[in-house]
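Labels below follow one simple rule: chain letters A, B, ... track the order of the sequence lines, proteins then strands, and each chain is numbered from 1.
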Amino acid sequence: MYIEIKDLDFKYQNAKEHTIKGFCLSVHQGEIISILGSSGCGKSTILRLIAGLEVPSSGSIVINGKVMANHNRFEKPENRGIGMVFQDYALFPHMTVADNIKFGLRKMSRNEKLNRLNDLLELVGLSGYEKRFPYELSGGQQQRVALARALAPNPSLIMFDEPFSNLDANIQQKIRDELRDILKRTGITSIFVTHDQKDALALADRVVSMREGCVTKVGKPEEVINTNFNDVRFISN
Amino acid sequence: MWIRNIKWQFNSWAILTFVFVLLILLPNLSVFAQLFTEPNENWYHIKEYLLKSYVINSLTLVFFTALFTILIGVSLAWFVSAFEFPLKNFFKWGMVLPLSIPPYIGAYTYHGILNYTGVIQSELRNSFDISVEQKYFDIMTMPGAIFIFTMFLFPYVYIITKSFLEKQAASLVENARLLGSNSFEIFYRVIIPISRTAIIGGVSLVILEVLNDYGVVKYFGIQTFSTAIFQAWFGMGDHGSAVRLAGILMSIVIVILVLEKLFRGRRKYSFSTSKVRPIQKLKLTGIKGFGMSAYFFIVFSFAFLIPLAQLALWAFMTYDIIFTEEFYQLVWNSVFVALIAAILIVVAALIIGNYTRLSNGRIAKAASKVTILGYSMPGAVIAIGVITIFIGLDRKLFPVYEAIGLQPTLILSLSISMLIFAYVIRFLAIGYNSIESGFDKVGQSFTEASRTLGMSVTQSFFKVDLKMIKGAVAGGFILVFVDILKELPLTLILQPFNFYTLATKAFQYASDEMIQEASIPSLFIIMISGLSIFLFHKILEKEPS
C-alpha cells in the first residue's frame, strides 16, 4: 500500500473526548480519496494529522514506506513532502502569484524554477497571471493558484480541505471537473475532505464516510453514498 | 512516546521564550523572596512609624483617583457614544490627548500656574491688587495630587469604556429607551452595570499608574510606597528595607490584579457579536447641546489646554537658554535608550508571541501571562529588583573582570545595560499585546501552508509571518518607544551617573524650582506622545475589527 494509516487516535488539548478514534485507511498510489462527513466529524483533523500539523496521541502513518508518525517518531510537516490546499487557500497576500507558486521550490536554479512555474501555470490555466497579487484574482483563480503552489514541489500526496466551499455554486461543477482532470493528468495521489456528497460522487475513486471521529464506511462512491441512506440525508443538508 | 513529544516541542523558539520568561521573573522573584528574610533594625523603625502612612497615602490616592476617573471617564464615554452635540467629533479623540501629558509634568505645571509667582496670583496682585490666602492656591496637597492623577489618567477609563459602548450597547440602550427610561436612568441602570467589565479594565490601568508614580508624589511631598522605596535606598542606604517595601507594594499590586480578575468574572471585555451597530445618537440642540460641549471643553481645558498653554509660554521665555549642546545630548540619550529597549522588546515579543501561538500548550500560555507581570509592577519595584540582580551578577563576575585586566568593581550595575534591561521588563507587555493581536488577526493557516511547502518554523517566520504582521510590529514599537521616553521612576533610579533623559532632566529642573527650564523637555515629550497617540488612534479607527 502507498499510504497506510493505522489506529489513529487524536485529542485536541482542551477537548474532553477524542476527536479521532481508531482511524484506519489504506490508499493506492494515484488514487483519489474523498473523506465525507458532516462538520465536526473530524475529517479536517485527519488531513492535519497526515500533514503533520497535529500530533496523534497513538497510531501510525506511513507514506511510501516512510514512517511519518508512530509512537516514537514524528516527522515535521516541512519534511513530509505532502501538499495541502487549505480551505481559505492561505495564499500569501504579500507575494505575487509567481512568488506564491515558487515558494516551495528549493535547491533549483533560477531557470529550473521558472520552467516549473510556467508548467504549473499552464496546467492550471493561469498563464499570464504571474504578476498579479492574490486579492486581484477571483475565488476560482485563487484556488487554482493554491493548487499550483501545492503541486510545485512534487509532493507524494496532495490534500484538499473543503475545496469547493468558498466557490459560487454555479462554477463549482466546472471547477470540480477541471480539478479531476488535473489530478488524473498528473497522476498524483490525493485526498480531499468534503461535506457534500456530490463532490465525492464526481471526484473520488473511493469514499471514506466518517462520523464522530470514526470511519463508518469505505468503498466506491456509489456504494457508500447510496447504501448509507441515513448518512446521506444527514450530510446533504 | 513522551520523548517524541518533548522533541517535537523543544526548539530554539521554546528555549528562547523560556529564557525571556526567566529573565522577567528573576528580579520580581528576588524582590518577593526578600519578604521572607529576617528584617534589619531600621525596618522596625519604618514599620513602627512610617509604614502606616505609606499605606494610607497610597490607598487614599488610589481610591479617590479611581472614583473620579470613573465618574469623568464613563460619563464622557457615554455622552460621546449616545449624543450628538457641537464639536463632538473633535472632543471624541481630543479626550484621549491628556494621556500625552505624563502626570509628573502636569503636577509641576499646575504648581507653576497656581503658586505665588504664578500667572494667576501675579495677575490678581498686579492688575487688581488682590492678595489671596495661600492655602487656597496650594496644589501640593493630597487633593491636589488626586486632581492631577484624575486629569491625566481618566482617558484610560474613557477609551476602554467608549470602545465597549460603541460596539456592544446599541440594542440594550434602545430597549431601555423603548421601555421609557430617560438618559439619566439609562446611564445609571443600564450603562454602568453593562460596562462594568470595561470600566474595571480601564480603572485598573489607572490604579497601576498611580502606584507606579514617583514624580507627582515626590514633587508634592506626599509619602507613598514609591517615595519610601527611593528614600530607603538612597536616603538611608538601607537596601534591605527598600527591597522589603518593594515586596509589600508588589503584593498590593498582585492583590489588585486578582481582584480585577474576580470582578471581571469570566466575562471578557466584549461578547463578540458579528453585528456591530452603533447606538442611534440623540441630537442635543440649544442650551442642552451647548451645556454638553461646555462640559467637554472644561475637562479638555484642565486636562490638556491649560497645562499645554502654560508650558508653551514658559518655553517661549526660555528657549534661548535651553537649546544648547547639552539639550541635544539629552534628546539623543532619550532616543538612544528608548530605541534600543524598544528593539529588544519587539524582538522578544515576536519570539514569545510566535512560540505561544504555535505551541498553544499550558506552558506557552503561562509564558504569555508572565510578560504582563512587568507592566503591572511599579517602576520602583522593578528597579530595585533589577539592581539587586545586577549587583549580584557583578560580584559573581569579579574574578572574570580581574582575569581580563579590569578593576573588580561594579561594571554592569553602573552601566546603561541595567536601565535598558529594566525597560524591557517593564514595557514588554505593551509590545507583546500589539504583536499578539497581530498574530491573532493573521491566524495560523499561512504558517501551516508554508510548512507543508517545506519551510521550517523559523523559515516560515521570516518569509511569511513577520511580513504579514508588519503593521502590528510597527504599532507595538511606537507605543513602547513613547512609553519609555516618558518613563520617570525607573530611569531616575537606574540611570548611570551623569546620564539624563528628557524626562529625568525635566523632573530635575522642576525639583530645583526651575520650572520654566523644565518646559521645553516637557513639551518635547508631550509632542512625541501626542503624535503617536494620534497616529495610533487613526490607525485603529481605520482597521475594521
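Heavy atoms only, all atoms of each residue included: A/Pro93 and B/Met468 are closest at CG-CE, 3.4 Å. Pairing each heavy atom of A/Phe92 with each of B/Phe446, the nearest pair is CE2-O, 3.3 Å. Taking every heavy atom of both residues into account, A/Arg149 and B/Leu453 meet most closely at O-CD2, 3.2 Å. Nearest approach of B/Ala449 to A/Phe86, heavy atoms of both residues: CA-CE1, 3.3 Å.
Counting heavy-atom neighbours within 6.0 Å of A/Glu122 CD, excluding the residue itself, gives a total of 12 or less. Residue A/Lys184 qualifies as enclosed at atom NZ: its count of foreign heavy atoms under 6.0 Å is above 12. Within 6.0 Å of atom NZ in A/Lys6, 12 or fewer heavy atoms from other residues, nucleotides or ligands are found, so the atom counts as exposed in its surroundings. Residue A/Tyr2 qualifies as enclosed at atom OH: its count of foreign heavy atoms under 6.0 Å is above 12. The environment of NZ in A/Lys11 is crowded: more than 12 heavy-atom neighbours from other residues, nucleotides or ligands sit within 6.0 Å. More than 12 heavy-atom neighbours from other residues, nucleotides or ligands sit within 6.0 angstrom of NZ on A/Lys66. Counting heavy atoms of neighbouring residues, nucleotides and ligands inside a 6.0 Å radius, atom CZ of B/Phe18 does not exceed 12 of them. The number of heavy-atom neighbours closer than 6.0 Å to CZ of A/Arg185, taken from other residues, nucleotides and ligands shown, is above 12.
For a residue to count as touching a neighbouring chain, one of its non-hydrogen atoms must lie under 4.5 Å from one of that chain's; by this rule B/Ser460 does not touch chain A. With a threshold of 4.5 angstrom between heavy atoms, A/Ala146 does not approach chain B through any atom at all. Looking at B/Lys463, the atoms closer than 4.5 Å to chain A (heavy atoms on both sides) sit in the backbone and in the side chain alike. Using a 4.5 Å cut-off between heavy atoms, A/Leu105 makes no contact with chain B at all.
Taking 4.5 Å as the limit, every side-chain heavy atom of A/Pro77 sits out of range of all side-chain heavy atoms of B/Glu448. B/Lys467 is not listed as a side-chain neighbour of A/Met95, based on a closest heavy-atom distance of 4.5 Å or more.
Between chain B and the residues A/His94, A/Gln87, A/Met159, the most heavy-atom pairs under 4.5 angstrom are made by A/His94.
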Next item on the list: Begin from the C-alpha positions of A/Arg106 and B/Met455 and carry the test side-chain contact (heavy atoms from CB on, under 4.5 Å) through to its verdict.
Entry: CA-CA 10 Å; A/Arg106 301 155 80 195; B/Met455 299 290 175; 4.0 Å; yes
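Within the model, atoms OG1 of B/Thr452 and CD1 of A/Ile158 stand 9.5 Å from one another, a figure rounded to the nearest 0.5 Å.
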